[in-house]
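Convention: sequence-line order gives letters A, B, ...; per-chain numbering from 1. What's counted below: heavy atoms across the whole structure, side chains too, no hydrogens, waters or symmetry copies.
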Amino acid sequence: MDRLDHLNPPQRDAALTLKGPVLVLAGAGTGKTRVITHRMVELIRSGVPADRILSVTFTNKAAGEMLERTIHLLGKQLKPRPFISTFHALCVRILRQEIHHLGYPPAFVIYDRGDQESAARKAMRDIRLGEKSIRPGDLLSIISRWKMQAVQPEEASSVAEDDQELMAASAYRRYQQNLKASGAVDFDDLLLLTVKLFHDFPDVLTRWQQRFLYVQIDEYQDTNGIQFSLIESLVRPHKNLCVVGDDDQSIYGWRGAEVEHILGFHKVFPGAKVVRLQDNYRCTEAILKVANRLVKHNKNRHDKQLIAHKETSDPVRMRSFPDEQKEAEFVAADMAYQISELNVQPNDMAILFRTNEQPRIFEQELRKRRLPYIVVGAQSFFDRREIRDVMAYLKVLSQPDDEMSLLRIINTPSRGIGESSVEKLLAQAVRQRKKLWEVVPDAAASGEISAGIANSLKDFSGLLGRYRERLQSDPRKMSDIVQGLLTEIDYESEINKQYKEPNQQLARVESLNQIMDSMKLYIDQADKPSLAEFLEQSTLNDQFSQPDKKDEKAQKGIKLMTLHSAKGLEFPHVYLVGLEEGILPHHRSLIENTIDEERRLTYVGVTRARDYLTITHAKTRMKWGRKKDSLPSRFIYEMIGKEVPPALLAAAAGER
DNA sequence: AAGGAGGGTTTTTTT
DNA sequence: AACCCTCCTT
């Protein structure tokens, strides 16, 4: 039992309760993840084959770290390994093996956010109700909400509550058909289809129930309905389930996370053992005090008494600035000081913010001072046009049926296949219920498209076929082959045409190199590399944003991230910036009445700090090119224990 | 078919 | 300010 020595008694208790349902309700910084890790170690030591153990984490990064730590604690390499992954990666694993039951090809591609948007656009074509139509973004969030509630496309129109949802329902049906025809699934499908699979094919479910005899879930407070039902069905026979979470850190309500899952755990799993952890080993007393004072303002919560175990050091700093420029200058200057005078590692510092438009100005200031930084949060990278293009090429190579991606690249770089020709082919294909490629000969013969265009199409299809073949026969050379393809189509000229400035051109080519690097990295670490798996990892992992190079230099930098992506992390120095009404709490939360979740989000931010916390706000801020007044966040008042001025609340309410 | 100008719109948060 | 869409010119 020696290895359990550095767990406190409640942690040990939870980690040692191997049978039956266990709920670990714990505050921030109390070692929740550690409980799961030790529990796995105990299971393995007691003779449970490691591959019969499943642990679900919130990010792939967390999964990797947990696996590493488990191996470290066991002090030996593991022959079978425990299955540690996110819900999504778990579902991919199951679906690769089982999805044929649902009529999808095992080589399905996964659509990311951008792909989903194109798919939504396509699905909505000529769906309207009178004058009204839906924006793709709105459609996607409605579809996503339905999927989270396990609403199948056929049922959608019966649950639709207004005109917009009625339109969305028919778009949903079409959207889903399109995806299926393209051999594609979106993020939500990964969960939805797995649940459907388990529901419709009991023998498949039985097989997976037998595969995982012990299940752990981290960050349980952010589990949504469909994830819950997935886990519930997996553990139904044995109920060996240990979940760990903190209702005060529930920040994904907008994605269907329901605090009820954690608060009502004992109802679904009667006799569940409940363990509370309240010894905080992360934060200083000053930081914890601020956090506690803040979160006390939430009504619906388990009242927890978090006990600090660190000596008090510096008080929490609160700073106010005339505008966001000054705010960023201060943070950068302070960080430079910490690094040069106090010998703080850049790695140990983080800037946390609410929205993705905020980091830009901090990046500028950090760059001016030549401080190393890393912006965590993949979005922007995958949004770049050149990345989307290359990924579309890869997807089409991997899954020839993926017409969404095909349409993106069919004329990129331009090969004379214009919009109207594509339109004609598409219309023809829909009419005959065929693939786009299949109608080309007919369309050429009937003169619907010109001979020249038919020729271009033939060349293009030949090109894809050639590279597809090469990739299949020699996947280890994948990066060379893809590089060859990019050279052959002369994508670089496309970039140079697209962007006039040499700097831009260089940067764009550089991001292509990043893809190639990451592909090489993937090939090196994969047992049996395949393009499909590479695509899967890059959509699921966001590994481009943090190149996974084991050598430090890539990782050594100040971290810039949203509060949402900071979840589960900790830093000695935290700068929580932009604490202003309208940002944090975000003005959307005033409309949607989700202030409590904004407060929890702030709580998460505060409790990321181990030793030093700086909270800043600006009094004015540019918005849509115009300067606007900005009031200090109500949360600042709550944290320092002052009453929020009624005038501030009134102003914020009027603002929306 | 392709490129550019002008005008309208936009902003939460992410696996 | 940044992005997307539409329309206009070549």
Exercise for the section: Using the side-chain hydrogen bond (donor to acceptor under 3.5 Å, both in side chains) rule, take A/Gln358 and A/Thr355 through it: C-alpha gap first, then chi angles, then the decisive distance, then the call. Expected result: CA-CA 6 Å; A/Gln358 287 171 269; A/Thr355 68; 3.3 Å; yes
Provide, to the nearest angstrom, the distance between the [atom1] atom belonging to [X] and the [atom2] atom belonging to [N].
X	N	atom1	atom2	value
A/Glu357	B/dT11	CD	P	11 Å
A/Leu193	B/dT15	CG	P	20 Å
A/Gln325	C/dA1	CD	P	13 Å
A/Leu352	B/dT14	CG	C1'	16 Å
A/Tyr220	B/dT15	OH	P	21 Å
A/Met561	B/dT14	CE	C1'	14 Å
A/Leu230	B/dT15	CG	P	18 Å
A/Asp222	B/dT14	CG	P	13 Å

Would you say [N] has OP1 or OP2 under 4.0 Å from some side-chain N or O of [X]?
X	N	result
A/Asn224	B/dT15	no
A/Asn411	B/dA1	no
A/Ser420	B/dA1	yes
A/Thr562	B/dT14	yes

Could you run down the sub-3.5 Å N/O contacts of the protein with nucleotides 2-5 of chain C?
residue: C/dC5; atom: OP1; partner: A/Arg121; partner atom: NH1; Å: 3.0

Practice task
Could you check A/Leu90, A/Leu67, A/Asp218 and say which one makes a side-chain contact (heavy atoms from CB on, under 4.5 Å) with A/Ile84?
Solution key: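 The single option meeting the side-chain contact (heavy atoms from CB on, under 4.5 Å) with A/Ile84 is A/Leu67.
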Practice task
Carefully, step by step, assess A/Glu363 and A/Arg360 under the rule salt bridge (Lys or Arg N to Asp or Glu O under 4.0 Å).
Solution key: CA-CA 5 Å; A/Glu363 282 186 75; A/Arg360 208 177 206 108; over 6 Å; no
Aromatic plane relationship, [Y] with [X] - under 30° parallel, 30 to 60° tilted, over 60° perpendicular:
X	Y	answer
A/Phe460	A/Tyr393	perpendicular
A/Tyr252	A/Phe58	tilted
A/Phe534	A/Tyr522	tilted

Of the listed nucleotides ([options]), which one gets closest to any side-chain atom of [X]?
X	options	answer
A/Tyr252	B/dT15, B/dA1, B/dT14	B/dT14
A/His564	B/dT13, B/dA1, B/dT15	B/dT13
A/Thr59	B/dA2, B/dT14, B/dT15	B/dT15
A/Thr86	B/dT13, B/dA2, B/dT15	B/dT15

Exercise for the section: Output yes when a side-chain donor or acceptor of A/Arg301 lies under 3.5 Å from a complementary backbone atom of A/Asp248, and no otherwise. Expected result: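 No, A/Arg301 side chain to A/Asp248 backbone: no donor-acceptor pair under 3.5 Å.
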Contact class for [X] vs. all strands (heavy atom < 4.0 Å): base, sugar-phosphate, or nothing?
X	value
A/Asp188	nothing
A/Ser421	sugar-phosphate
A/Phe87	nothing

Salt bridge or not between [X] and [Y]? Use side-chain N to carboxylate O under 4.0 Å.
X	Y	value
A/Asp115	A/Arg388	yes
A/Lys147	A/Asp189	yes
A/Glu165	A/Arg145	yes

Atom pairs, protein N/O to nucleotides 7-10 of chain B N/O, distance under 3.5 Å:
residue: B/dT10; atom: OP1; partner: A/Arg135; partner atom: NH1; Å: 2.3

Handout entry: Test side-chain hydrogen bond (donor to acceptor under 3.5 Å, both in side chains) applied to A/Gln221 and A/Glu219, step by step
Key = CA-CA 5 Å; A/Gln221 75 280 356; A/Glu219 310 281 12; 3.0 Å; yes
Problem - First of A/Phe187 and A/Ile417 reached from the 5' end of DNA chain B, by closest nucleotide - result: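 Between the two, 5'-proximity favours A/Ile417.
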Practice task
Between A/Thr594 and A/Asn60, name the one whose nearest nucleotide on DNA chain B is closer to the 5' end.
Solution key: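 In this pair, the answer is A/Thr594.
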